[in-house]
Structures are given as C-alpha cells and as structure tokens.
Amino acid sequence: MEVPILCSAEEFVAKSNEIIKPPFEHGYYSICSSYREHGRLEREAQNEALANALDLASAICSMMLRPNSANEPFQPFIQLEGKRSAIADDFTSDQLEFIANVYSGVEEPLVKGRFADLLWVCVNPKKVDFVRVAIQSYLMLPIEPKTWHVDIGDCWKRCIRLALQIRDIDSIGLVETTLQSAFEKEFADSPFMRLWIADLIEGNRLCVDQHGSIAESLFEYATHCHTSGSYRVAREYLSLAERMFKAQGSEGNWLDCLVLSADCFEQEGDARCDGNTPSQMVANSFYENALQAYRKIPVAKRDELGVTVKLASIREKITEAGSGSLSEMGLVKTPGIDISEMIDSARKHVGDKESLEHSLLCFTGFSTPKYQELRNSTIEQIQQFPLSNLFGGTHMASDGRVIAKTPALSLDGEGEESELTISNKTIQNFQLDIQLTVEGLIVPALNQILSEFRVTKEYLKQICYQSPIVPEGREYLMASALWGGFEHDFGNSIHLLTPQVEHLVRTTLKNKGVHTSNIDRSGIENENGLTTLLNHERAEEILGEDLLFELKAVFTDSVGPNLRNEVAHGLLDDRSSASTSCVYGWWMVLRLVIRSLYKSEATKGSE
C-alpha cells in the first residue's frame, strides 16, 4: 500500500495557522471541515503533499472526544454498516511522527491540544511533554456558555483527567483557580453555566474546601429561580446542591433542598393548571414528580417539615388533575373495517354440527396469538414508523389514574427501556387483535351455537370434572364462571373466573415443583399473586411462551386490561365488565378447558 507523501512541517504549520481561526460554531467538526475543504483546494492546485497533510489533520480532528475514558478517549465520528471514520489506532508511525514535528508550531489551542493528546495516547514509550502541552492547551480554552457544549466542556474534562493522571499538582491548582473564578461570574445569557461549572468541580473532587460555599451559592440561586418561577432551573441547581450538602453531612441544608425541589414540581403543576394555556394532563405529571420528590424526605422528618400534609394535598391534586386530563383527550378515529365476511365464516365454522361437543371444539379452535410473530410485527412497525416511538407514553385509567408508562425507544433500540417499549407496544397491538377476534369471531360464533344448542351448567360441570387442568374441588366454580358467558353475563363470569385462573396457574406451577408462596420475616407463609406466579423464572418453560404472553397481556400487565387487578380491587363496572377483554378472557379459559380434554385423550392414545 502506497504511503501518502506529506509536506514539510513548516509548510503545514503556516497553512494551518492561516486557515484555522475562531469562532468554531461546531467545535472540532468545524475545524475538521476547514482542513478537509482546504485539502481539496490544495489537491486541485496540484499540491498533493500539503493536501495529504491537511487531510491527516482533518481525520484527527474528526474524532469524538470521550473525556472520561482512560484507554480510548477518541471515538469515530460516525459508524454505519460496518464502516466508520477515523480512530486513534488508524494513524501510522510516520503520520504520528509528522504530528510530533508540527504540533508545537500550531497556534489554535483546540488543534494543538488534540495533536498533543493523540501523541500522548498513541506514542510509546510515553513522553510527558505531550501530555503537558495537551493540558496547557486545554487550559487556554474560554469558559463560555455558547461553546461549552460544543467540545469545550469535554476538553476541560479531559484536561482535568490528564492532570490527575500524571499528578500534575500545578496544573490541578490552575484548573481549580480558573473554574472557581468562572463559577463566581454572572452569565446573563445562560442560567445553567454556573451549574455546569459546579458539576465539573464536584464530579472531579476539585476545590474540596470550597464545596460548602459552592453548595450554598447553588441553593441561593435556586431559591431566586423558585421565587421568579424558573422552576426547572431551580430543580437542576437544587439537585447538585443536595448532593454536595449530603456528601458533607449537612442534613438540614440537604433536607431544605429536597423540600424546595418538591415544591418546584408542585408550583409548576399549579402554574400549568392556571396558565395561559392550561393543561391538566401536563400538571398531573408535575404533581406525580412532586409526590416522588416529597417521598425522598425521611419519614422521621416529614411532620417537622410539614411534608405529611403536603403529601395528602398532592394526592388530592393528582386525583383532580388526572380526572381533568380525560376531558383534554381527543378521540382518534380510523376508517372502519368490514368484518362481515369474518362473521359469516365464524358462524359457518361452528354451525350445522352434529353435537354440542363438536361445535364447542370448533368454537375453541380459532387461532391464538403467537408471541414471536406479534413481537416481530411490532418491531417492524417501530422500524417503519420510528418517530412515534422516540417519545414516551402515559397510560391512564378511566378515572384519570396513571397506571403505566412506556419509555421512549433509544436510537439503537437496545437496553432495558427499549425492551420495555417493545413489550408494551406488543401488548397494545395484541389488544387490537383481541377486539377484532371478539367482534368478528367469538361473539358471532357464540350466538350461532346458542341458536342451535342449549348449553347447561351441568354440561359444563361434567366437562370441568373431566378436564385435567381444572383443580379438584373447583369444578362447580369453574363451570359457573364459564356458564355465565353462555348467558352473555360476562360481568359475573369474569369476577368468578379470574381467581380461578390464578389458582389454576398456581396449581400447574406447584405440580411442577415450583414454590408458589413466600415466608415473611414473622414466619407467616403467604401465597404469591398471579403477577408473581407468571413472572417466575420457570413459568415460560411450564406454560409455554405463547400462553404465558396471553395470560400476562389479559390478566396482569398494566398496559393491557389487567383483569386480575381490576377484579381484585373492584374497579370493573357494569360496562367495563362486559368489554371485549372480558369476553376474550372468558373464551381463553373455555378454550384451555375444552382443549385439555383432547390433549389428555391424545396423550393416553400415544401411551
């Protein structure tokens, strides 16, 4: 491979100092672009050696700085389909030698610091001159709001890390002096600049003897912001002040921070209720945050600080705002779906059978969800419409309570929160399938069966006696629950059925050797609820992936109908107890009971 020819050190330094001049709107990216553009111009002018040197400088400045990494502080600017931009290990010894010959003549601190830092990382044996020049160059960078988050802040972090790494006491002292002086300044164009500086000081354990006064200054500014209605700014300052006071053991000041931070959430909630563009929904989220913030205060201190009264008040505001949120929601309508063919097909599927047994067997034979298919379909949907999943969602009950939250999907689609998002979206999509299945298949087929046969409770009781999955002594209860569905009394049916489902799952797991109870500190043994049972590590192995998903999606997941919770706490009313979810829950259990008879016969036959 041919090695690119590079120009002389003097020629490069002269050109670099000529073309690289601040301001740099986009930090290193602006510098990288300038080197690349002038490299192109030099190549067109047939000055290949200088063009190669400028391209080299462009590649070096293109790297992203990760200041907290000791071993790989330089990362590629872009990675795409197996390709990436430059990293430190890409540069050859000849290229590094060229940089070693030019860095001292470069005037711009951002470039000089980057060159010296790269040499410190890549050249062995290590030369302390490189790291000292990098530190000195980074120290020259201005502390200003406009550029702090455009690489300058990261360069200061890198400067501190390098100084601590080589134990450069003089440089550390200079860093402390500079940062403390900057913290004491007023930045009229950025309310957060002093916070960023203080965070850098606290995070690196600098100016330790000044932490008390810095925390007091943060709290004082937060109080001012709270009074002026800048609640978000106040909370950010209070968060850092709280951490610093707590580290110093200053309990009184630490508690003051917690109380004021909680009050900021509450006051902002009040403001959102009564502002120019009032929103109960937005206010409700602030009240929820206020409640969580007040709960951080130790129980022993709550009465003294008036927090107990505040907690009661906040809960009332949450209830009121949650109820008001419902009126702010709009109805989203989509074009209707013609399911007449599905209805006709369902009727024909169960109709004209020679016996009720045969008809019920067909009735319980409609297709059931396949978890992996639903999940893959959801992932495809997310990939097709990514924008709608970049924002989190809040799920509310009919009375305005927040019952679940779906986090925003990360850009890489990985991590626990992204997995939760995919899981929640899968359950939501399954609810649409449930509605279609109930209205297009289950209800029409049920009506067809009732038009041809008489279904008695005694008949269902005999089925339950024969079913291997119905626990002994539960046959009458299960039959009564199932019979309610044939009477179109799904409300009573689901209230009887839900606890029997829990016992059925418990018995199934227990028969496979799973401990289905827990013993508390007092030695009292309590049975685990359905949610805990379905979350057991062996539940999928015993129940199967598809059935486990179906049970969770219908009975226990808060994103779904959560029938176990709704029944246990008496939250279903006359209308909601006859919902499509309740009908599906009834049919699902009927399916399990009926099908278990034939699985049992098949097993006996194979034996």
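Hydrogens, waters and symmetry mates are skipped; everything else that's a heavy atom, side chains included, is used.
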Notebook entry, point to check: Should the pair Tyr584 and Phe430 be assigned to parallel (<30°), tilted (30 to 60°) or perpendicular (>60°) ring geometry?
Noted result: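 Ring orientation of Tyr584 relative to Phe430: perpendicular.
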Next item on the list: Kindly assign one of parallel, tilted or perpendicular to the pair Tyr371 and Phe549, based on the angle between their ring planes and the thresholds 30° and 60°.
Entry: tilted
Check whether any side-chain N or O of [X] sits under 3.5 Å from a backbone N or O of [Y] as a donor-acceptor pair, and report yes or no.
X	Y	value
Ser345	Glu341	no
Ser579	Arg575	no
Ser359	Val350	yes
His349	Cys362	yes

So do the side chains of [X] and [Y] get within less than 4.5 Å of each other, counting heavy atoms only?
X	Y	answer
Thr516	His536	no
Leu530	Thr498	no
Asp270	Tyr287	yes
Cys464	Leu482	yes

Check: Will you find, in the side chains of Asn447 and His488, an N or O donor that is under 3.5 Å from an N or O acceptor?
Finding: yes
Next item on the list: Taking only Lys NZ, Arg NE, NH1 and NH2, and the carboxylate oxygens of Asp or Glu, determine whether Glu268 and Arg272 approach each other closer than 4.0 Å.
Entry: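 Salt bridge present between Glu268 and Arg272.
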Item checked: Salt bridge flag under 4.0 Å for residues Glu550 and Arg591 ->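 Here Glu550 pairs with Arg591 in a salt bridge, since their nearest N and O are under 4.0 Å apart.
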Check: Nearest 0.5 Å, what's the OG1-CG distance between Thr508 and Leu533?
Finding: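 Taking OG1 in Thr508 and CG in Leu533, the distance rounds to 10.0 Å.
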Item checked: Closest contact, heavy atoms only, Ser577 versus Leu572 -> CB-CB, 4.1 Å
Checklist line | Residue pair Ala346 / Ala445: nearest heavy atoms and the distance that separates them | finding: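 Of all heavy-atom pairs spanning Ala346 and Ala445, the closest is O-CB, 4.0 Å.
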Margin query: Less than 6.0 angstrom separating the ring centers of Trp586 and Phe486, yes or no?
Written below: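 Yes, they do, as the ring centres are separated by less than 6.0 Å.
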